[in-house]
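Inspection log for the structure reproduced underneath, given as structure tokens.
In the text below, chain A, chain B and the rest are named by the order of the sequence lines, each starting its count at 1. Keep in mind the model is a prediction, meaning the values are calculated, not measured.
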2 protein chains.
Amino acid sequence: MKCPYCGYLKDKVIDSRERDDGLLIRRRRACLKCRKRFTTYEEIDLKPLVVVKKDGRREKFNRDKIRIGIQKACEKRPISIDKIDKIVEEVEKDIRQRYEDEVTSKEIGQLVIKKLKKLDKVAYIRFASVYQEFDNINQFLKEIEKIGGKNV
Amino acid sequence: MKCPYCGYLKDKVIDSRERDDGLLIRRRRACLKCRKRFTTYEEIDLKPLVVVKKDGRREKFNRDKIRIGIQKACEKRPISIDKIDKIVEEVEKDIRQRYEDEVTSKEIGQLVIKKLKKLDKVAYIRFASVYQEFDNINQFLKEIEKIGGKNV
DNA sequence: ATTTCATTTTCAATATATAGTATTTTATAA
DNA sequence: TTATAAAATACTATATATTGAAAATGAAAT
């Protein structure tokens, strides 16, 4: 691999450890020219995941679409980008570890909602109302009551 | 590595190729249980990159911050998420291949501007005006003229 | 200052991956 | 549709990575 310090193309692996969950191999390598060391990670190439939308159309899974939805719900809320990243990451992980080739957009929405609920009630309500995931209007109203019915 | 099909933890590498640029090793592996095949990629662990902001403060590089800026500039414009992704990816690649540990937010902005300019004039103007990267007001006005001065 | 926890380093025997060459299939662009 | 590029398959001799255990280092906490 190309040394990130001097750009030389030859190196040797001096250590290699697989994580217990089998999802990652960390290798420690040393450049054969400058002798400096660096780390690499080997990961499985994710199988293409297809999202089935409400109207039945299918499209490639794209985590950025999830991110955009969450961002909108979090506008003007005190939620850092890192927090949003974490949710997106968790949602993707949850979906992928089901080992299915397809997910419905509804399932994705529900996962996001579950996580937003823990993080920020306002963002949660905004997101949930867009995705119409409330079982009924009462549940929706109860949630609004909880947060005082403001800033939604 | 954990088989993405059956979850078994043992497998063997049946092929391994390094890309010419030395930035990636692609391995083809076969699960020792279900015999199914899958692909893995090994990449160098990126050195932490620090962004130096205009006021001198430093923060960890986060590609999503770039994405958000571009998204805002592209609002209501006919630009797909994939296109935005591509810009973000290219910008990050450009920055990282300089092998520096730090970048100024101005440099990042300029890279984004260069790429948006080719893609969509309106988004370009919006982004550039936010980042105040025009050398002078005349240049700004000229650009607005070019696109008819509307929808900015 | 000392303990704890995580990361890094070392070492050596042996199992395992690699690279060269070539054909085939699949995906993407023209 | 055709052209082009990218990814997958196959096979084999040989070079290279892996693994366990233990010690060293560095950072954070007491």
Side-chain angles (χ1 to χ4, degrees), chain A residues 1-52 57-64 82 86 89 96 99 101-102, chain B residues 1-50 58-60 78-90 93 97 101 115 118-120:
Chain A
M1 301 217 87
K2 183 169 190 165
C3 172
Y5 300 99
C6 75
Y8 193 63
L9 283 167
K10 277 179 276 182
D11 69 296
K12 66 188 287 190
V13 175
I14 51 174
D15 190 40
S16 164
R17 309 279 150 171
E18 180 163 2
R19 206 164 67 185
D20 290 343
D21 62 14
L23 299 178
L24 197 72
I25 296 176
R26 195 192 83 98
R27 290 188 181 82
R28 192 84 180 132
R29 316 181 81 114
C31 173
L32 291 181
K33 191 182 190 188
C34 72
R35 298 270 142 195
K36 286 220 181 70
R37 292 170 170 200
F38 54 97
T39 303
T40 62
Y41 290 100
E42 178 177 353
E43 280 176 305
I44 293 171
D45 180 40
L46 303 167
K47 282 188 292 183
L49 185 62
V50 170
V51 179
V52 183
R57 279 188 302 136
R58 276 142 220 266
E59 60 177 33
K60 268 190 280 180
F61 174 84
N62 182 338
R63 78 188 68 181
D64 295 318
D82 290 345
K86 202 158 165 253
E89 206 175 89
R96 294 211 182 260
Y99 295 90
D101 297 330
E102 296 192 341
Chain B
M1 302 217 86
K2 183 169 191 165
C3 171
Y5 300 98
C6 74
Y8 192 64
L9 282 168
K10 277 179 276 182
D11 69 295
K12 66 187 288 189
V13 175
I14 52 175
D15 191 38
S16 165
R17 308 280 149 171
E18 180 163 1
R19 205 164 66 185
D20 289 343
D21 61 15
L23 299 178
L24 198 72
I25 296 176
R26 194 191 85 96
R27 289 189 181 81
R28 193 78 182 139
R29 317 182 80 114
C31 173
L32 292 181
K33 192 180 188 189
C34 73
R35 297 270 141 196
K36 286 217 181 72
R37 292 169 170 203
F38 54 97
T39 303
T40 62
Y41 290 100
E42 178 177 354
E43 280 176 305
I44 292 172
D45 181 39
L46 302 168
K47 281 189 289 182
L49 187 61
V50 170
R58 274 143 219 269
E59 61 177 35
K60 267 190 284 178
I79 302 171
S80 69
I81 290 175
D82 289 345
K83 286 249 168 61
I84 294 176
D85 277 356
K86 204 157 163 252
I87 292 180
V88 174
E89 207 175 89
E90 285 174 9
K93 193 170 152 250
Q97 71 189 11
D101 297 331
K115 296 184 192 292
K118 285 187 210 145
L119 188 66
D120 185 280

(message) Between A/Glu18 and B/Met1 (side chain of the first, backbone of the second, donor and acceptor by atom type, cut-off under 3.5 Å), is there such a pair?
(response)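 Yes.
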Expressed in angstrom and rounded to an integer, what is the separation of [X] atom [atom1] from [N] atom [atom2]?
{"X": "A/Lys10", "N": "D/dA15", "atom1": "NZ", "atom2": "P", "answer": "14 Å"}
{"X": "A/Asp20", "N": "C/dA6", "atom1": "CG", "atom2": "P", "answer": "13 Å"}
{"X": "B/Phe38", "N": "D/dT9", "atom1": "CZ", "atom2": "P", "answer": "12 Å"}
{"X": "A/Arg19", "N": "C/dT7", "atom1": "CZ", "atom2": "P", "answer": "12 Å"}

(request) Would you tell me if any nitrogen or oxygen in the side chain of A/Arg37 comes within less than 4.0 Å of OP1 or OP2 on C/dT9? (result)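 Result: yes.
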(request) Take A/Ile25 and A/Tyr41 through the side chain to side chain contact (heavy atoms under 4.5 Å, CB included) test and state the conclusion after the steps. (result) CA-CA 6 Å; A/Ile25 296 176; A/Tyr41 290 100; over 6 Å; no
(message) Is it true that, when you exclude B/Asp20 itself, more than 12 heavy atoms of the residues, nucleotides or ligands shown sit nearer than 6.0 Å to its CG?
(response)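 12 or below, so no.
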(request) Kindly check if the number of other-residue, nucleotide or ligand heavy atoms within 6.0 Å of CZ (A/Arg63) is above 12? (result)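 For A/Arg63, atom CZ is not crowded (no more than 12 foreign heavy atoms under 6.0 Å).
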(request) For residues A/Gly7 and A/Lys2, report the shortest heavy-atom separation together with the two atoms involved. (result)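 Answer, listing the atom of A/Gly7 first, then A/Lys2: O-CG, 3.6 Å.
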(request) For nucleotides 15-30 of chain C, just jot down a letter per nucleotide in 5' to 3' order: B, S or -, based on protein non-hydrogen atoms under 4.0 Å. (result) --SSBBB---------
(request) Scan A/Arg26 against the nucleic acid and name what it touches under 4.0 Å (heavy atoms): base, sugar-phosphate only, or nothing. (result)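 A/Arg26: backbone/sugar contact only, no base atoms under 4.0 Å.
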(message) Do A/Thr40 and A/Arg27 pair up side chain to side chain, a donor and an acceptor below 3.5 Å, judged on atom types alone?
(response)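 Not at all, the side chains of A/Thr40 and A/Arg27 share no donor-acceptor pair under 3.5 Å.
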